[in-house]
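Have a look at the structure below, then the notes.
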Amino acid sequence: MSARARIQGARHWRTGEAIDVVIVRGVIEAVSPAGALPEQPDEARFDAEGAVLAPGLVDLHVHLREPGQTAKETIASGTRAAAAGGFTDVACMPNTNPVLDEPARIEWVRNRAREAGHCRVHPIAAVTLGQQGEQLAPLLALREAGAVAFSEDGRPIMSAEVMRRALEYALPTGCPIVCHEEDLTLRGRGHMNEGVVSARLGLRGIPPAAEVIMVRRDVELAALTGGRVHLAHLSCAGSFEGLRDARRRGLAVTGETCPHYWMLTDEAVEGYDTLAKMNPPLRDERDRQATIAAIVDGTIDCFATDHAPHTADEKAQPFDQAPFGIVGLETALALTITGLVRPGHLSLERALELWTDAPRRVFGLPRVAVEPGSPADLVLFDPAAEWVIEPARFHTRGRNTPFAGRTVAGRVIATWLAGHTTHVDPERERRLLGKRSTAGVN
Ligand SMILES: [Zn+2]
């Protein structure tokens, strides 16, 4: 992209007005009514064709798997997938090999991400050394190296005493502790939600209480310490009640949920489908409805994907041996529009807030807006365009999604990071090429 670029004829995500956006050296210089500003000869132009232009999406919960698990994903492939999904910022989890529990490893991840150039990556550091749940990691030094939060994601901090100390030590960093809420004694060897479906399939279940008990404990520890708690991937009614309680008491507790919890129930596991195996597990219809209610009434602070790529071989194992997790970066926006906006639960503007401004607030990331002076971190998408989810076309190395073959609405057309194009829809490219060659014949 040249130093000066123009996105012309876009629809502003908040006002709905037709606009042109002029970008100079990675920063938005002007936002004007479409066609109002004279074009300049040296600028690169992108015809938005009336699609919606919004700040780049932000995902606070992804597993980039590097270092150590590059068969599942790399920083380059995961961030390329993020760009394809309309994301300009992701926060990556520290349960890599080795674990991100040293400042040098945080810096390594940030450097790798910068080299790849697809997306801003904000590392989340481990709470304890090696994620062993015992000795605290050097939280202040990790913060100074660029960590935006601390988490043991993939597992809970089972010791309430360690969790209390972690919250106290994290206080001067201003960063939240991101909690994967699960009581391991209650989970036992469960592999899916405990209920009628698990009984029918003869699979050991994980009751919602395994999550709710830990949510309640950590709300009390936030009250005790004044520390910041961010509740990851909430999946059930009891957890939302816990978050509401924290809010009523004015505690520094926030929470996220993921598209699969509003799209699916444990019925998706029928046929022992390991592509519907994740942790927390898909719950029943009552919990799915409770998830939507918690989004609509503002209990949920933001969305996240819990993007968790695995290899096909790993997911081909019997249900009780396959790993937990699904990919999510390239389907998140479409599942939000299809599952929440189209049925009328949320306006498009509110849905986008939960992927942009809201997660930025939770992790204290700088504000991005479609206005002059803001970094040109942008996504252009067509909310009405329907497409079929085909995992073979994903940029992530993971193909593990339960949504293959589904028709969804909402297609990302282009993504820009500091004015650089990080993704353009290949369908658009093909269509424009077709147009051009027709023009040539005439
Ligand atoms: Zn988790």
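FYI, the numbering just counts along the sequence from 1. Heavy-atom basis, side chains included; hydrogens, waters and symmetry copies ignored. Note that ligands are numbered from 1 as they come in the structure, with each ligand's atoms numbered from 1 the same way. This is a predicted model, so every value here is computed, not measured.
Under the 4.0 Å criterion applied to side-chain N and carboxylate O atoms, R14 and E353 are assigned as salt-bridge partners. One finds no salt bridge joining R216 and E181 here, because no Lys/Arg side-chain nitrogen approaches an Asp/Glu carboxylate oxygen to under 4.0 Å. A salt bridge does not link R367 to D377: none of the charged nitrogens lies less than 4.0 Å from a carboxylate oxygen.
Listed by chain and number, the protein atoms of type N/O/S under 2.8 Å from the Zn ion (ligand 1) are D153 OD1, H180 ND1, H233 NE2; waters are omitted.
Relative to the ring axis of F240, R286 does not place its NZ or CZ within 45° and under 6.0 Å from the centre.
Scored by the salt bridge (Lys or Arg N to Asp or Glu O under 4.0 Å) test, R187 finds E182 as partners (sequence neighbours excluded).
Heavy-atom contacts from other residues, nucleotides or ligands closer than 6.0 Å to CZ of R164 number 12 or fewer.
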